[in-house]
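One structure below.
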Number of protein chains: 2
Amino acid sequence: MTIGEAAAATGVSAKMIRYYEEIGLVPAAGRTAAGYRVYGPHDVHTLRFVRRARDLGFAVDRIAALLALWRDRSRASADVRRLAVDQAALLRRRIDELQSMVRTLEHLAEHCHGDARPDCPILDDLAATAGECHAAPDARFGSTGRPHRPSPKEMP
Amino acid sequence: MTIGEAAAATGVSAKMIRYYEEIGLVPAAGRTAAGYRVYGPHDVHTLRFVRRARDLGFAVDRIAALLALWRDRSRASADVRRLAVDQAALLRRRIDELQSMVRTLEHLAEHCHGDARPDCPILDDLAATAGECHAAPDARFGSTGRPHRPSPKEMP
DNA sequence: GTAGGGCTTCCCATCATGGGAAGGTCAAGC
DNA sequence: GCTTGACCTTCCCATGATGGGAAGCCCTAC
């Protein structure tokens with residue numbers, strides 16, 4: 001199997017397969033005399049594993065850990081489970097951040113007439129300055145709850 | 001106000017302020033004779049606007065659009081509203097993807113005993129190959145519904 | 001006059017992914 | 001046997017938003 005065929009068979013692009021090899025996530029593939037990479041069923045299986053793990057949002061270093069456990073016949077399922085639970089928690093945190101943003105956005109959009117007039121509570125909110133140019137520094141929309149700095153790295 | 005003071009006043013790091021200036025998101029700041037950037041209340045106001053928009057997850061090009069509308073006294077609030085609604089929809093899509101991943105992860109974790117034994121449905125699922133090494137290609141967990149390719153770009 | 005802290009620019013790194021160029025290889029068709 | 005087109009190789013660059021750090025200038029306080 002060439003890299004292109006392996007890519008088609010696994011859903012991992014040829015570019016990514018080379019990258020994963022380069023960073024050591026997957027072992028270096030065999031080569032033909034001409035230097036072409038060669039993939040067998042086992043390699044395809046591994047690549048599919050990686051692909052599925054990526055589909056669950058695992059970062060590459062976590063996938064490396066999963067692969068190591070996969071290959072370790074004497075693993076403890078607790079270790080695998082921990083990775084999965086951690087990942088779920090990580091995603092839930094991201095979801096919470098995003099939901100908080102959505103809540104704010106939808107609240108703002110709701111209060112904007114959305115017509116030809118220029119008045120817009122959305123811009124007013126974005127421009128709100130704790131007593132610098134015009135507005136009072138109090139609650140602009142009550143408990144909209146725009147998270148005061150939801151975290152610099154929103155989507156890692 | 002120097003760039004450091006503006007950074008402290010707006011929550012945008014000095015690095016980011018320079019970056020926003022470089023890409024044209026905010027106008028170039030004035031300079032002292034020695035070349036130091038100088039910021040006034042108006043600049044601070046703009047930076048705060050940018051910061052708040054970032055907090056709502058807007059990409060930089062969308063923030064540019066918001067800033068343009070903000071400065072345009074004859075804007076239609078409908079245009080602003082559209083940006084906000086689009087943004088909310090974008091975030092919702094991301095949330096849906098993440099939630100689908102979380103569902104799968106938690107379902108898998110639930111079915112893993114998580115003890116010292118090596119058997120692990122999580123690894124079995126990741127390793128599942130449509131009839132290649134061991135398992136039958138049928139539904140492994142019934143309707144877990146791992147999304148068949150939730151999209152290559154999970155979190156833009 | 002000097003020390004320390006802040007400013008400048010420039011380069012590099014992240015993370016996972018894609019685009020593209022330059023050149024070698026293979027298989028099919030003539 | 002030769003051409004053609006599809007595929008492979010490596011190498012470099014770009015993304016988006018952010019941080020880190022170096023080398024060098026500037027300002028203020030002592």
Side-chain angles (χ1 to χ4, degrees), chain A residues 1-26 28-39 43 47 50-64 87 90-91 94 97-98 101 149-156, chain B residues 1-26 28-39 43 47 50-65 87 90-91 94 97 101 149-156:
Chain A
M1 238 175 167
T2 67
I3 197 172
E5 288 160 349
T10 61
V12 182
S13 72
K15 279 276 197 204
M16 278 300 102
I17 296 177
R18 292 193 197 99
Y19 173 69
Y20 291 152
E21 177 180 320
E22 186 191 329
I23 64 174
L25 180 63
V26 299
R31 299 283 186 139
T32 67
Y36 281 27
R37 286 175 182 82
V38 186
Y39 295 86
D43 305 302
L47 286 170
V50 171
R51 177 58 151 102
R52 286 173 191 257
R54 288 280 320 136
D55 285 350
L56 291 175
F58 284 100
V60 163
D61 59 339
R62 294 310 185 98
I63 301 180
Q87 176 66 12
L90 181 72
L91 296 183
R94 281 193 220 156
E97 289 173 3
L98 295 176
M101 298 181 201
R149 214 123 311 170
S151 101
K153 276 240 154 312
E154 292 153 15
M155 16 221 91
Chain B
M1 238 176 167
T2 67
I3 197 172
E5 289 160 348
T10 61
V12 181
S13 72
K15 279 276 198 203
M16 278 301 102
I17 296 177
R18 293 194 197 98
Y19 173 69
Y20 291 152
E21 175 181 321
E22 186 193 328
I23 63 173
L25 180 62
V26 300
R31 300 281 186 138
T32 67
Y36 280 27
R37 285 176 182 82
V38 185
Y39 296 86
D43 305 302
L47 285 170
V50 171
R51 175 59 151 99
R52 288 173 189 257
R54 287 283 318 137
D55 284 350
L56 291 176
F58 283 100
V60 163
D61 58 340
R62 293 308 184 97
I63 301 180
Q87 176 68 10
L90 182 71
L91 296 183
R94 283 193 219 156
E97 289 173 2
M101 297 181 202
R149 215 127 306 172
S151 99
K153 277 239 156 306
E154 292 152 14
M155 15 221 90

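Quick note on labels: first sequence line is chain A, next is B, and so on, each numbered from 1. Just so it is clear, the model here is predicted, and its values are computed rather than measured.
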- Message: If you compare all heavy atoms of B:V12 against all heavy atoms of B:R51, which two are closest, and at what distance to 0.1 Å?
- Response: CG2-CB, 3.7 Å

- Message: Regarding A:A59, tell me which of base, sugar-phosphate or nothing describes its non-hydrogen contacts under 4.0 Å with the strands shown.
- Response: sugar-phosphate

Can you tell me the distance, in whole Å, between the [atom1] atom of [X] and the [atom2] atom of [N]?
X	N	atom1	atom2	answer
B:I23	D:dT15	CD1	P	11 Å
A:Y36	D:dT10	OH	P	11 Å
B:L90	D:dG16	CG	P	14 Å
A:R94	C:dC15	CZ	P	13 Å
B:M1	C:dC7	CE	C1'	16 Å
B:E5	D:dC27	CD	P	14 Å
A:L56	C:dA16	CG	C1'	17 Å
A:R51	C:dA16	CZ	P	14 Å

Tell me whether the OP1 or OP2 atom of [N] has a side-chain N or O from [X] closer than 4.0 Å.
X	N	answer
B:R37	C:dT8	yes
A:Y20	C:dT17	yes
A:T2	D:dC7	no
A:R31	D:dT10	yes

From [options], nucleotide with atom closest to [X] side chain:
X	options	result
A:I3	D:dT18, D:dC26, D:dC8	D:dC8
A:R18	D:dT10, D:dC7, C:dG6	D:dT10
A:R54	D:dA17, D:dC8, C:dA16	C:dA16

- Message: Using the rule given for side chain to side chain contact (heavy atoms under 4.5 Å, CB included), can you reason through A:L25 versus A:Y19, listing the C-alpha separation, both sets of side-chain angles and the distance that settles it, and then say yes or no?
- Response: CA-CA 9 Å; A:L25 180 63; A:Y19 173 69; over 6 Å; no

- Is the backbone of B:A29 close enough, under 3.5 Å, to the side chain of B:R37 for a donor and an acceptor to pair up by distance?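 Answer holds: no.
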
- Item | Whether B:E5 side chain and B:T2 backbone form a donor-acceptor pair below 3.5 Å | yes

- Starting from the 5' end of DNA chain D, give me the residue, B:V60 or A:V38, whose nearest nucleotide shows up first.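 By nearest-heavy-atom nucleotide position, the 5'-most residue is A:V38.
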
- Query: Closer to the 5' end of DNA chain D via nearest nucleotide, is it B:D61 or B:T32?
  - Reply: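 By nearest-heavy-atom nucleotide position, the 5'-most residue is B:D61.
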
- Can A:Y20 and A:I63 be said to form a side chain to side chain contact (heavy atoms under 4.5 Å, CB included), step by step? CA-CA 11 Å; A:Y20 291 152; A:I63 301 180; 5.8 Å; no

- Is there a donor on the side chain of A:Y19 or the base of C:dG18 sitting less than 3.5 Å from an acceptor on the other? no

- Message: I want to confirm an ordering. Mapping A:A34 and A:K15 to their closest nucleotides on DNA chain C, which one lands closer to the 5' end?
- Response: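 Here A:K15 is the residue nearer the 5' end.
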
